[in-house]
Protein chains: 2
Amino acid sequence: MPTRGNLPEALVQAGIALLDEDGTEALSLRRIAARAGVSHAAPAHHFGGLPGLKTAMAIRGFQQFQQHLMAARDAVPADAPPFQRLSTVADAYVRFAGMRTGLFQLMFDQLAASDPDLLHTALGSYLLIKELCAPFVDGRPAVAVETAVWSLTHGYAALNLDRPRPSDTQVATSALVDALRLIID
Amino acid sequence: MPTRGNLPEALVQAGIALLDEDGTEALSLRRIAARAGVSHAAPAHHFGGLPGLKTAMAIRGFQQFQQHLMAARDAVPADAPPFQRLSTVADAYVRFAGMRTGLFQLMFDQLAASDPDLLHTALGSYLLIKELCAPFVDGRPAVAVETAVWSLTHGYAALNLDRPRPSDTQVATSALVDALRLIID
DNA sequence: CCCAGAGGGTTTACAATGTCAAGATAAGAT
DNA sequence: ATCTTATCTTGACATTGTAAACCCTCTGGG
């Protein structure tokens, strides 16, 4: 379905779908274009080239990422202890990386390219982590706690990318929760 | 200098040099072969193809990585507190990632491919971290502490890949050291 | 002495990729 | 009605990884 009238949107969706289904190495400009039902040169007109399309996909990825984390945060009861909320979101972080490996890698690859729009979108996820860390900054500088939590979670996710996690068990990331506890209190 | 008589070695060296000088996107089988002074089909004879050559490069990368970490460890005085030794090596970890970004990315990309030789080589670096963590496992399970330190350090390195660090200042990674302290004691 | 075979490299060919230039097509504006 | 502009296609090109066929050069057995 070519989705005429909104080709950029269709291309981003096709690219992410291709990434989810066939992995990073199967991603190519021509395949994305074919999937969106247009010629291989069409993407250049909207994104300049493959790099541009990839950053657009990364931006969309960070939006979905933040949405995923927020859903996890909102799923924990309002009267639950703050640490449970933090660890649940961290678990969601790792789970996202495990379930959507290709997109996750693309996101943080492109992040190094320092596109302003991309950075702005990624900031949203950071602010979410920041908010969850707030209850745990006692006298310490907030940035230190946030960096610790963010780095720990991201490192855990990155190092376990080869082991995709099932979507039902919480046990998989218990080591991460333990490590978070070490940092927090 | 074609380095006749040991082409596999020459190819790995050429590939890593290309990675260090021109970055990930400039890495190609044909360029590596040209740099080693052979035809573009020669690598296939020894490594089967580009994937094989890349895992060989990743193995060499982990060897250099471990060597880099060990050098940092041995540079701190023998009577220094264990935490200083740990934080110094963690600093070296981040510095390696910042200075040799392309190789670092390749290493952990290929790690997901689960090549036995590569895993065995990478294990050496893990054992080094493990050894440095030993003084800090009080009653806690050792694996938890190691995973925490390793994940935190790796995450910090990965998230700061775009900001290459100067080789002289220790200040850059003070946030990491603070976070490590949070974990350790 | 010679020559058969094998390992190491080259040459050639091929399909796939990203990018660019030129053209086609349709919708609006003047 | 004609011009313009955005959108997309077509065609071409250089570069890439891979595979097959060929060619050297050395070594070991007769």
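Chain letters run A, B, ... following the sequence lines, proteins first, then strands; residues in each count from 1.
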Rounded to whole angstrom units, what separation is found between the [atom1] atom of [X] and the [atom2] atom of [N]?
| X | N | atom1 | atom2 | answer |
| --- | --- | --- | --- | --- |
| L7(B) | dT25(D) | CG | P | 17 Å |
| F47(B) | dA19(D) | CZ | P | 16 Å |
| I32(A) | dC8(D) | CD1 | C1' | 17 Å |

TODO: Tell me who clusters with L29(B), hydrophobic residues only, linked when side chains sit under 4.5 Å apart either directly or through other members.
DONE: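 Members besides L29(B), by chain and number: L50(B).
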
* salt bridge (Lys or Arg N to Asp or Glu O under 4.0 Å) partners for R30(A), two or more places apart ->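 With sequence neighbours excluded, R30(A) shows a salt bridge (Lys or Arg N to Asp or Glu O under 4.0 Å) to no residue whatsoever.
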
Item to complete: State which residues pass side-chain hydrogen bond (donor to acceptor under 3.5 Å, both in side chains) with R100(A); sequence neighbours excluded, sorted by chain then number.
Response: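 R100(A) satisfies side-chain hydrogen bond (donor to acceptor under 3.5 Å, both in side chains) with D20(A), Q64(A) once adjacent residues are dropped.
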
Checklist line | Pairs where residues 133-160 of chain B contributes a residue and the test salt bridge (Lys or Arg N to Asp or Glu O under 4.0 Å) is met, not counting sequence neighbours | finding: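 Counting only pairs at least two positions apart or across chains, the salt bridge (Lys or Arg N to Asp or Glu O under 4.0 Å) contacts touching residues 133-160 of chain B are K130(B)-E146(B).
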
Under the ring-ring contact (aromatic ring centres under 6.0 Å, His included) rule, collect the residues that match up with F47(B), sequence neighbours excluded.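 Applying ring-ring contact (aromatic ring centres under 6.0 Å, His included) to F47(B) gives none.
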
5' to 3', nucleotides 16-24 of chain C under a 4.0 Å protein heavy-atom cut-off (B base, S sugar-phosphate only, - none) gives -SBBB----

